[in-house]
Amino acid sequence: MEDKEKRLLSVVVSVYNEELVLEDFLAETQAVLETIPWEYELIFVNDGSQDTSLMLLEQFVKRNSHIRLINFSRNFGHEAAMIAGIDYSRGDGVICMDADLQHPPACIPEIVQKFEEGYGVVNLVRTQNKDAGFFKNVTSTAFYKVLNLLSPVHFEENASDFLAFSRAAANVLRQAYRERVRFLRGYVQSLGFPKTTLYYEARERQAGKSKYNIGKLVKFSVNSLLCFSDMPLKLGIYSGCFMALVGLVVMIYTIYSKLAHGTPSGYATIVVLLCFMFSLLMVIVGIIGEYVAILFAEVKGRPIYIVERVEGLETDPRATPKEKSGPTSENASLDGRQEGKLPG
Ligand code: UDP
Ligand code: MG
C-alpha cells in the first residue's frame, strides 16, 4: 500500500553496442536507485546494437521487475532512442542518461530531491568532460556560443544529453516536438517550467568507444542550429546589401581611376569580384538547401523510430494511468507504435 503512494522515477538509457559496460552500468545505477525514496523503472532502449547488448538486456529484464526494454528494428540514433524512452515512460520524473557511465548515477538522488522541491526541469551541466579532448571541449563551447548568438532562446553552455524533467515536461515532448531533425536537449531547455541547475563531472567512458565521430558531430551541430534559428536564411539579405555596397565602392573607384589616370580598373578586379560574389551566392543557396532538406524530411513524415518489440512494458504508452491523453494518433502511428506492435 505504502509503495503505491510512492512516486515513480523513469530512467531512460539509450544503448548502442555497449556490451562491455552494461553490467557495470546496471550494478552501479541499480544500487543508487534502490536508495531513493521513489519507485523506479529503468527503461533500456536498444538502438539496433550489433553486439550482444540485446541479449544482456533481455537477461536484465528477467532478473529485475523494474527493468523494461524497448528494442528498435534498426539503429535510429541516440535522440530517437531517448524520445522512445520518454514516450513509454510513466514516471512522475524522467531522467535520460548514457549507458557508458559518463553521466554519474550518483547524481540521481539529488535530481529526485529537486523534483520533490517542485522543479520541472533540472539542467545537468558538466563542469569537466574527462573523456573529451581539447578539440571536443573547444568546439562544444564554440557551438553553444554560436547557438546563443543566433537563437532567441538562451541555452546553458555545456549542457549534455543527461536530461531530467517532470511528467508535465515529458508529456509536452510526447505530444509536440515530434520533429525528424531536432535538438532534444535544446527543446528541454526551451520548455519553460521551474528550472534549476545541477553540476556534475563527466567521467571517462568506462569501456567501449564513442559512437559519435567528427562527421556525425558536425551534422548534429548544423542541424541543431537550423532547428532553432532562421537567422542563416536572412544571411542572403545582409550579404546582398553588403555586396551592393562593395559594388558601389568599386564603381566609384573605376570612375575615379578613369578620370584621374585615363585607364579603367583592371581585369583582376573583375575576376576577384566575380569569384567573391559567386562563392557568396553558392553559400546562400547551400543554406537554403539545408532548410529545404529539413522541410522535405518533415513533409515525408517518416517514423522517428520503429519498435520491434518491448519487454517488461505491459501497457500501451498512449493509455498510461497517469495521463489520459497520450501522443496524438498521428504521432503514434508515425513512431511505429501502431496497434498490434505492442503486447497488451
Ligand atoms: N547511442 C545510441 N545510438 C547511437 C549512438 C549512441 O543509442 O546511434 C548511445 C550510446 O550507447 C550511449 C549514448 O548514446 O549510451 C551516448 O553515446 P556516446 O557515448 O558514444 O557519445 P559521447 O559520449 O562520446 O558523445
Ligand atoms: Mg559517452
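Atoms within each ligand, like the ligands themselves, are counted from 1 in listed order. Position 1 is the first residue of the sequence, and the numbers go up from there. Owing to the predicted nature of the structure, the values given are computational and were not obtained by experimental measurement.
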>> Strictly under 2.8 Å, is the Mg ion (ligand 2) approached by any N, O or S atom of D98?
In response: no
> Do E41 and S10 have side-chain N/O donor and acceptor atoms under 3.5 Å apart?
Replying inline: yes
> From F44 CZ over to F60 CZ, what is the distance, rounded to the nearest 0.5 angstrom?
Replying inline: 5.5 Å
> Which atom, counting only N, O or S, brings D100 closest to the Mg ion (ligand 2)?
Replying inline: OD2
> With atoms numbered from 1 as shown, which atoms in ligand 1 lie under 4.0 angstrom from a non-hydrogen atom of G77?
Replying inline: 3 (N), 8 (O)
> Could you state the interatomic distance from CZ (R185) to CG (L124), rounded to the nearest 0.5 Å?
Replying inline: 12.0 Å
>> Give the atom numbers and elements of ligand 1 that come within less than 4.0 Å of a heavy atom of E18.
In response: 10 (C), 11 (O), 12 (C), 15 (O)
>> With ring pair (Phe, Tyr, Trp, His ring centres under 6.0 Å) as the criterion, how do F162 and Y200 come out once you've worked through the C-alpha distance, each side chain's angles and the decisive distance to 0.1 Å?
In response: CA-CA 10 Å; F162 194 4; Y200 74 96; 5.2 Å; yes
> A81 to ligand 1: N or O pair under 3.5 Å?
Replying inline: no
>> For Y119 versus F115, what's the shortest heavy-atom pair and its separation?
In response: O-CD2, 3.6 Å
> Any idea which atoms of ligand 1 are less than 4.0 Å away from a heavy-atom of N75?
Replying inline: 3 (N), 4 (C), 8 (O)
>> Regarding atom 4 (C) of ligand 1: of the candidates D47, L101, N46, which has the closest heavy atom?
In response: D47
> Against heavy atoms of A99, which atoms of ligand 1 measure under 4.0 Å?
Replying inline: 15 (O)
>> Between R167 and S89, do the side chains contain a donor N or O and an acceptor N or O under 3.5 Å apart?
In response: yes
> Less than 4.5 Å apart, any side-chain heavy atom of M97 and any of I108?
Replying inline: yes
> Side chain or backbone of D98 under 4.0 Å from ligand 1, or both, or neither, by non-hydrogen atoms?
Replying inline: both
> Quick one: are Y88 and R68 in side-chain contact, heavy atoms under 4.5 Å?
Replying inline: no
> What atoms in ligand 1 come closer than 4.0 Å to a heavy atom of D100?
Replying inline: 19 (O), 23 (O)
> With a 4.0 Å heavy-atom cut-off (strictly under), which part of V15 contacts ligand 1: side chain, backbone, both or neither?
Replying inline: backbone
